[in-house]
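Just below is one structure, and these are the notes that go with it.
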Amino acid sequence: MAIIVSFGLQKGGVGKTTTTGITAFFLAKANRVLAVDLDGQGNLTRMLSGQNKNAFKSTIYEAIKHRNTENCITVLSENLHLLPANDDISRISSLLDQHTDRRLQVLADVLDSARSSYDYILLDLPPALSEQTLIGLTASDYTVTMLQTEPFAYYALEDYLETCQVVQKKYNPNLKLAGILSVLLNSRASLDQSILEKVRADYEDIVFESVIKRKSRIKELAITGVVDKTKADQQALKEYSDFVEELVKRVQKN
Ligand SMILES: Nc1ncnc2c1ncn2[C@@H]1O[C@H](COP(=O)(O)OP(=O)(O)O)[C@@H](O)[C@H]1O
Ligand SMILES: [Mg+2]
């Protein structure tokens, strides 16, 4: 039975998609993984498949429309499957009964049939506290939140954690915070360091020990796809492989 983990924060450009994609890549080395794109920008779809989001006719939108993932999943490799997204996702509201909060269960219900085929289902959430994010959190067993080490992202973190608490109380009592991942750290900038220290003081061991540094090679992965064949790639991805180890320990403990 798959463990469902989402990656979120309502701010764009904080590394959610990059983290979801790289985590899917590492987990798929030894597990069956379904990566689900919940952002109409289709960045995860592009990163993992190398194809434009408009190349996909069957996406998360159709999966929700038919209440079934069948025929909507793209097989990228034996262990790594993708449920892609494109702009259609902005129309999912029209598929749901807006008169009841039960509508937020829709992704949880849709993924239920896929759970037995995977070890991990990873959800890349959009950069807003929108209905799509609420649907994603309602389907999650765990959520990882990003902390980009800059002031606006720090403020966004509090709002995200509050939203998680509301979802946990009202819609999904199983939702747990896997942790806060610090990303895009510029290790030479003292402001980045002091934000990291403040978050560690405030949130203690909720913060993952692994810290993802800003590296140009990681940025390139959005174009090349995730690869770790060369020593240089392995070095660039080292902090991510440490993070994935930490994540696996945290989500399997319970
Ligand atoms: N560790 C990193 N080092 C350098 N660039 C990164 C890193 N992580 C992400 N990026 C780049 O930052 C931008 C935003 O990342 P992305 O994962 O798309 O964020 P989000 O999904 O939160 O909007 C992208 O161009 C991505 O390639
Ligand atoms: Mg994104």
Side-chain angles (χ1 to χ4, degrees), residues 1-10 14-39 43-45 47-48 60 63 69 73 76 79-85 104-127 132-147 157 160-161 163-165 167-168 171-183 203 205-210 212 226 237 239-254:
M1 278 298 263
I3 300 171
I4 303 183
V5 185
S6 58
F7 295 83
L9 188 75
Q10 66 278 21
V14 294
K16 293 182 291 294
T17 299
T18 306
T19 301
T20 312
I22 297 174
T23 303
F25 170 83
F26 277 115
L27 287 174
K29 286 176 186 273
N31 302 278
R32 296 164 303 163
V33 178
L34 173 65
V36 180
D37 195 343
L38 284 174
D39 184 353
N43 293 341
L44 183 72
T45 298
M47 182 180 184
L48 291 179
I60 180 75
T69 56
I73 288 173
L76 301 173
N79 268 359
L80 181 54
H81 297 181
L82 170 71
L83 190 46
L104 300 178
Q105 295 286 343
V106 69
L107 185 65
D109 293 348
V110 166
L111 291 179
D112 224 27
S113 59
R115 263 202 196 229
S116 59
S117 307
Y118 299 98
D119 301 304
Y120 292 95
I121 298 178
L122 306 184
L123 314 180
D124 181 24
L125 299 180
Q132 280 153 245
T133 292
L134 297 179
I135 285 171
L137 287 172
T138 303
S140 303
D141 299 313
Y142 289 89
T143 192
V144 173
T145 181
M146 305 294 131
L147 175 77
L157 178 66
Y160 185 76
L161 296 178
T163 301
C164 292
Q165 276 178 358
V167 169
Q168 203 245 5
Y171 313 117
N172 176 12
N174 292 327
L175 178 65
K176 292 175 276 301
L177 178 65
I180 299 169
L181 177 64
S182 312
V183 290
Y203 294 98
D205 55 3
I206 296 173
V207 183
F208 287 99
E209 267 177 50
S210 314
I212 311 297
V226 191
L237 289 169
E239 285 115 4
Y240 263 116
S241 65
D242 291 347
F243 159 67
V244 174
E245 252 180 59
E246 240 188 315
L247 176 68
V248 166
K249 275 191 205 137
R250 287 191 186 200
V251 302
Q252 291 192 337
K253 217 167 50 190
N254 298 295

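For reference, positions follow the sequence shown, starting with 1.
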Next on the checklist: Going by the rule side chain to side chain donor-acceptor pair (under 3.5 Å), which residues pair with T163 if we only count those two or more places apart in sequence or in a different chain?
Outcome noted: none
Next on the checklist: If you define the side chain from C-beta out and look only at heavy atoms, does anything of I121 sit under 4.5 Å from V36?
Outcome noted: yes
Checklist entry - Is V167 close to L134 at the side-chain level, that is, under 4.5 Å between some pair of heavy atoms? => result yes
Checklist entry - Looking only at heavy atoms, what is the nearest atom pair of M146 and V144, with distance? => result CE-CG1, 4.0 Å
Checklist outcome for this item: Here the gap from L181 atom CG to L247 atom CG, rounded to the nearest 0.5 Å, amounts to 9.0 Å
Item to check | Which residues share a side chain to side chain donor-acceptor pair (under 3.5 Å) with T17, sequence neighbours left out | outcome: D124
Checklist entry - If you measure from CG on L157 to CG on L161, what distance do you get to the nearest 0.5 Å? => result 4.5 Å
Next on the checklist: Are L80 and L82 packed together at the side-chain level, in the sense that at least one heavy-atom pair is separated by less than 4.5 angstrom?
Outcome noted: no
Item to check | 4.5 Å side-chain heavy-atom contact, Q252 and I3 | outcome: yes
Item to check | Close side-chain approach of L122 to L27, heavy-atom, < 4.5 Å | outcome: yes
Next on the checklist: Under a 3.5 Å distance rule, please check whether S140 uses its side chain to pair with a backbone N or O of I4 as donor and acceptor.
Outcome noted: no
Next on the checklist: Could you check whether any side-chain heavy atom of L107 comes within less than 4.5 Å of a side-chain heavy atom of I60, counting everything from C-beta outward?
Outcome noted: yes
Next on the checklist: Rounded at 0.5 Å granularity, tell me how far CD1 in I135 sits from CG in L38.
Outcome noted: 8.5 Å
Next on the checklist: I'd like to know if the side chain of Q105 reaches the main chain of Y171, judged simply by a donor and an acceptor atom lying under 3.5 Å from each other, with no hydrogens or angles considered.
Outcome noted: yes
Item to check | ring-ring contact (aromatic ring centres under 6.0 Å, His included) against Y120, all qualifying residues, sequence neighbours excluded | outcome: none
Item to check | Partners meeting side chain to side chain contact (heavy atoms under 4.5 Å, CB included) with N174 (sequence neighbours left out) | outcome: N172
Checklist entry - Between atom CG of L76 and atom CG of L34, what is the distance when rounded to the nearest 0.5 Å? => result 9.5 Å
Item to check | Point-to-point distance, once rounded to the nearest 0.5 Å, from OG1 of T19 to CG of L9 | outcome: 11.0 Å
Item to check | Donor-acceptor contact below 3.5 Å, side chain Q132 vs main chain P126 | outcome: no
Next on the checklist: According to side chain to side chain donor-acceptor pair (under 3.5 Å), who are the partners of E209, at least two apart in sequence or on a separate chain?
Outcome noted: none
Item to check | Residue list, side chain to side chain contact (heavy atoms under 4.5 Å, CB included) with R32, at least two apart or on another chain | outcome: N79, Y118, D119
Next on the checklist: Please find the pair of heavy atoms, one from D37 and one from P84, that lie closest to each other, and give the distance.
Outcome noted: CB-C, 4.1 Å
Item to check | Contacts of F208 that satisfy ring-ring contact (aromatic ring centres under 6.0 Å, His included) - sequence neighbours left out | outcome: F243
Checklist entry - Does D109 have any salt bridge (Lys or Arg N to Asp or Glu O under 4.0 Å) partners at least two apart in sequence or in another chain, and if so, which? => result R102
Item to check | side-chain contact (heavy atoms from CB on, under 4.5 Å) between V183 and Y240, intermediate numbers included | outcome: CA-CA 10 Å; V183 290; Y240 263 116; 4.3 Å; yes
Item to check | Stepwise side-chain contact (heavy atoms from CB on, under 4.5 Å) check, L123 with L111 | outcome: CA-CA 11 Å; L123 314 180; L111 291 179; 4.0 Å; yes
Next on the checklist: Could you tell me if the side chain of V5 sits less than 4.5 Å from the side chain of T143, heavy atoms only?
Outcome noted: no
Item to check | side chain to side chain contact (heavy atoms under 4.5 Å, CB included) against S113, all qualifying residues, sequence neighbours excluded | outcome: N68, T69
Next on the checklist: So, taking the atom named NZ in K29 and the one named CG in N31, what distance separates them when rounded to the nearest 0.5 Å?
Outcome noted: 12.0 Å
Checklist entry - Listed by chain and number, what are the side chain to side chain contact (heavy atoms under 4.5 Å, CB included) partners of Q10, not counting sequence neighbours? => result L129, A156, D159, Y160
